[in-house]
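Counting convention: from 1, in listed order, for ligands and their atoms alike. Small disclaimer: the values here were computed from a predicted structure and weren't measured. Positions are given from 1 along the sequence.
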Amino acid sequence: MKPAFFLLRLISLLHLALALCSGSGDFQFAYHGFTGTNLTLDGNATVMPDGILVLTSRKTNLKGHAFFPTPLQFRTSPDGTARSFSAAFVFAIVSDYTDFSAHGMPFIVSPTKNFTTALLAGYLALLNVQNNDNTTNHLFAVELDTIQNTDFQDVNANHVGINVNNLHSLQSSPTGYYDDGNNGVFKNLTLFSREAMQVWVDYDGNTGQIDVALAPIKVAKPRKPLVSAKYVLSTVLTEWAYIGFSSVTSGINSRHYLLGWSFVMNGPAPSINISNLPKLPCFGPKPPSKVLVIVLPIATATVMLSLGNIATLLVLRHLRYAQLLEDWELEFGPHRFSYKDLYHATNGFKSKHLLGTRGFGQVYKGVFRKSRLEVAVKKVSHESRQGMKEFISEVVTIGRLRNRNLVQLHGYCRRKGDFGLSRLYDHGTDPQSTHVVGTMGYLAPELIWTGKASKLTDVFVFGAFLLEITCGQRPVNDDSGRYNQEMLVDWVLDHFNKGSLNETVDLRLQDLDVLNNNMVS
Ligand SMILES: *[C@@H]1O[C@H](CO)[C@@H](O)[C@H](O)[C@H]1NC(C)=O
Ligand SMILES: *[C@@H]1O[C@H](CO)[C@@H](O)[C@H](O)[C@H]1NC(C)=O
Ligand SMILES: *[C@@H]1O[C@H](CO)[C@@H](O)[C@H](O)[C@H]1NC(C)=O
Ligand SMILES: *[C@@H]1O[C@H](CO)[C@@H](O)[C@H](O)[C@H]1NC(C)=O
Ligand SMILES: *[C@@H]1O[C@H](CO)[C@@H](O)[C@H](O)[C@H]1NC(C)=O
Ligand SMILES: *[C@@H]1O[C@H](CO)[C@@H](O)[C@H](O)[C@H]1NC(C)=O
């Protein structure tokens, strides 16, 4: 053991001892590195020899949890008021890409350390489809989330949220901080910047005030928190509960690190002394060897020249079906269709197979040659940045989200132009805008107000679709149709109330009586 390393270890143990024995009477600790801390770890979580806690290392679909080993008393009696508490921690997220990561790492207070039934991806190894939003979870979390999950109304793919029993945050904000050194101006931060950052979580048991602040490691705790919520946790937390962290990587090679962590009941969290934290490893690409630098271009040029003609021929021949496979896609292999199969299934995307143009692309009807399976093929344009985001979130959740009212996603395909992951991180979007997936005219009104999809909103979509066919009119008035209300639904409803429903039926439909009977029944 190197002397310096030994000293560091000694200091961190000393810190721990000091923290645990401090005379205030209220429970507290401060970890600078995690050597000798006896945390309860599961999944991919591990403490490295230098003291860094690696929650998940560089591989897709990993999960990891780390908990303080014993439960803490959050309420003085089973029905008592939840006590104030404070936590601070220093973390870093390192993705293989500089502008895309997945998924995130929440700080949690939970009655259990057992998360074996939790799902990965958007469920952050915390909850699952059945228990999300259930009051029996008794779960409080502060999520650091690097994916925009529209099922949970995430604001963007780089946000901090306060959550109670549910992955849909009570409050959330794009990542950043109010800079006290600069008149409190808001500065953007990126969770997966590969830089260590500190988070402070404060709960006031008297008022129910929850404040979460975040800042670069060298910046002191900002006066103005990033996200706040008012929620009395007495109805949430169990008398005894565990504190810890969860972490998932899903479709992207991401690493989630914890460098330090402090906690106290009834007081401000002990400050973390940055200079005592273990150092993050270096992540830059390995510089290539000199031999390679000289030999590689020459070899490449030679090979390129001699193979040039053959390559050109092959490229021309395969252009029609061309596609690329990237690292992050490997796990979705079985779900990926070849462009050739989709091309044939839709007879080359012929317009007579076009079912409609919806949202961010065209939808074609197709039949697979071998299995005779009937499918709808949605074609998303490379130009549609929003469409691509949706596309990735859909692929990343293949097989994990099922809704019997929605068409099941069988798989995906992509073709050619660099997948453009770098373009997906949307620097220009409005942080306040939420994103409701759907096409105007089919969205149930309450979905627009509440953002909450349900069986009923699915029924509404289907109804809007039926009206479109029966009336031969577009669902939203674009001045080309026969009605002057904003929405087709309103026009039909007016006629229904006036008893003149027949007038709404498309004149081009021949067998009016049959249709009328069906519509009334
Ligand atoms: C975490 O996952 C990586 C990559 O698969 C593996 O090398 C490592 O051994 C795992 N660590 C633990 C503690 O499971
Ligand atoms: C470590 O924590 C476990 C509980 O997870 C406990 O049983 C054990 O005694 C602890 N060991 C030490 C050395 O504190
Ligand atoms: C965790 O929970 C699962 C499912 O509820 C159970 O099967 C398993 O035994 C539990 N593990 C531990 C260590 O308690
Ligand atoms: C949801 O909560 C109810 C009680 O409110 C409980 O009976 C049920 O088991 C919970 N469901 C899940 C999946 O946790
Ligand atoms: C932080 O730790 C360093 C090295 O152990 C020490 O010199 C310094 O005084 C500490 N700072 C604070 C604020 O405690
Ligand atoms: C911060 O990010 C938001 C999008 O989240 C963007 O609108 C704004 O221009 C950014 N500000 C700076 C200073 O980069």
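- Short contacts between ligand 5 and Ser275, defined as distances under 4.0 Å to a heavy atom of the residue, involve ligand atoms 1 (C), 2 (O), 3 (C).
- With rounding to the nearest 0.5 angstrom, the CZ atom of Phe85 is 4.5 Å from the CZ atom of Phe140.
- For Arg75, the salt bridge (charged side-chain N to carboxylate O under 4.0 Å, His left out) test picks out no residue, with sequence neighbours left out.
- Geometrically, Lys224 engages Tyr178 in a cation-pi contact defined by less than 6.0 Å to the ring centre and at most 45° from the axis.
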Show me a pair-per-line table, with atom names and distances to 0.1 Å, of protein N or O atoms that are under 3.5 Å from an N or O of ligand 1.
| unit_1 | atom_1 | unit_2 | atom_2 | d |
| --- | --- | --- | --- | --- |
| ligand 1 | 2 (O) | Asn44 | OD1 | 3.3 |
| ligand 1 | 2 (O) | Asn44 | ND2 | 2.3 |
| ligand 1 | 2 (O) | Ser57 | OG | 3.2 |
| ligand 1 | 11 (N) | Asn44 | ND2 | 3.0 |
| ligand 1 | 14 (O) | Asn44 | ND2 | 3.3 |

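- Residue pairs meeting the side chain to side chain donor-acceptor pair (under 3.5 Å) criterion with at least one partner in residues 85-94, sequence neighbours excluded, are Ser86-Asp202.
- A donor atom on one side chain and an acceptor atom on the other are found under 3.5 Å apart for His159 and Glu143.
- We find the CD1-OH distance between Ile162 and Tyr203 to be 11.5 Å, quoted to the nearest 0.5 Å.
- Residue Thr116 places at least one N or O, backbone or side chain, under 3.5 Å from an N or O of ligand 3.
- Remark: Thr81 pairs with Ser234 by the side-chain contact (heavy atoms from CB on, under 4.5 Å) rule, at least two apart or across chains.
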